[in-house]
Amino acid sequence: MKPGRMILACALTLSASAVAWAQTPAADLAKPPANARHFIISSPCGKHGESWIWMTPDGATYGRESLNLRGQVWEVDSVGRQGGDGMPTSLIVRGVTPSGDAGETFSLAAGKAT
């Protein structure tokens, strides 16, 4: 293999492994407490998944979804916080979707959203 192709192959391998490590496995996602609101995701064909939402004493709102549609699996959690004006100040999403890593972040500080 030519040196240029070897470097490209190594870079692609490292890039793919970094993406795989970035995903949060379902076992590491948030676990809903017993008092979480629980929803069933269904259609006329049957149950496809579940969703939970709950608040923690510090005011954070958590969500956890587990969905399987014809073999396509979503395992996602989220945690959001809001400011005194009711506007979101942060949101973190973790997990996996059929497209790969579900990871997203949002924050609002000093009038700047990132």
Side-chain angles (χ1 to χ4, degrees):
M1 184 180 274
K2 292 182 179 181
R5 288 187 183 190
M6 176 80 77
I7 292 171
L8 179 59
C10 288
L12 289 173
T13 301
L14 289 173
S15 174
S17 66
V19 169
W21 283 105
Q23 296 178 4
T24 305
D28 295 341
L29 296 176
K31 308 288 186 276
N35 65 343
R37 290 193 66 187
H38 181 224
F39 303 91
I40 301 295
I41 303 167
S42 65
S43 76
C45 296
K47 181 178 170 183
H48 301 292
E50 299 177 87
S51 180
W52 296 265
I53 189 167
W54 67 97
M55 289 189 71
T56 56
D58 66 353
T61 302
Y62 280 78
R64 174 72 170 90
E65 286 77 34
S66 180
L67 179 65
N68 185 332
L69 290 174
R70 297 182 181 176
Q72 297 184 77
V73 176
W74 287 258
E75 293 290 346
V76 179
D77 74 4
S78 61
V79 59
R81 299 181 188 283
Q82 63 183 8
D85 59 359
M87 294 296 292
T89 58
S90 69
L91 176 64
I92 299 169
V93 178
R94 308 179 308 157
V96 294
T97 72
S99 301
D101 185 13
E104 296 283 343
T105 60
F106 167 82
S107 66
L108 180 62
K112 182 178 178 182
T114 54

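Side chains included, hydrogens not; waters and symmetry mates left out as well; all remaining heavy atoms used.
- Contact between Gly95 and Asp101 at its shortest, heavy atoms only, is O-OD1, 3.3 Å.
- Among residues two or more places apart in sequence or in another chain, the side-chain hydrogen bond (donor to acceptor under 3.5 Å, both in side chains) test is passed with Thr114 by Ser107.
- Leu91 approaches Ser78 most closely through the heavy-atom pair CD1-CB, 4.3 Å.
- Proximity of Leu29 to Arg94: side-chain heavy atoms (C-beta onward) are separated by under 4.5 Å at one or more points.
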Using distance only, find each side-chain donor-acceptor pair of residues 32-44 under 3.5 Å and give its atom names and separation, not counting sequence neighbours.
unit_1, atom_1, unit_2, atom_2, d
His38, NE2, Glu50, OE1, 2.6
Ser43, OG, Cys45, N, 3.1
Ser43, OG, His48, NE2, 2.6

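- The salt bridge (Lys or Arg N to Asp or Glu O under 4.0 Å) search around Glu75 returns Arg64, not counting sequence neighbours.
- By the 4.0 Å N-to-carboxylate-O rule, Asp58 lies close enough to Arg81 to be salt-bridged with it.
- Taking the side-chain contact (heavy atoms from CB on, under 4.5 Å) definition, one finds that Asn68 meets it with Val73, sequence neighbours left out.
- The hydrophobic cluster containing Ile92 also includes Trp52, Trp54, Tyr62, Val79, under a criterion of side-chain heavy atoms closer than 4.5 Å among ILVMFWY residues, counted directly or through chains of members.
- With a 4.5 Å cut-off on side-chain heavy atoms, Val76 and Val96 do not count as touching.
- Pairs of residues two or more places apart, or lying in two chains, never qualify as ring-ring contact (aromatic ring centres under 6.0 Å, His included) while including a residue from residues 86-114.
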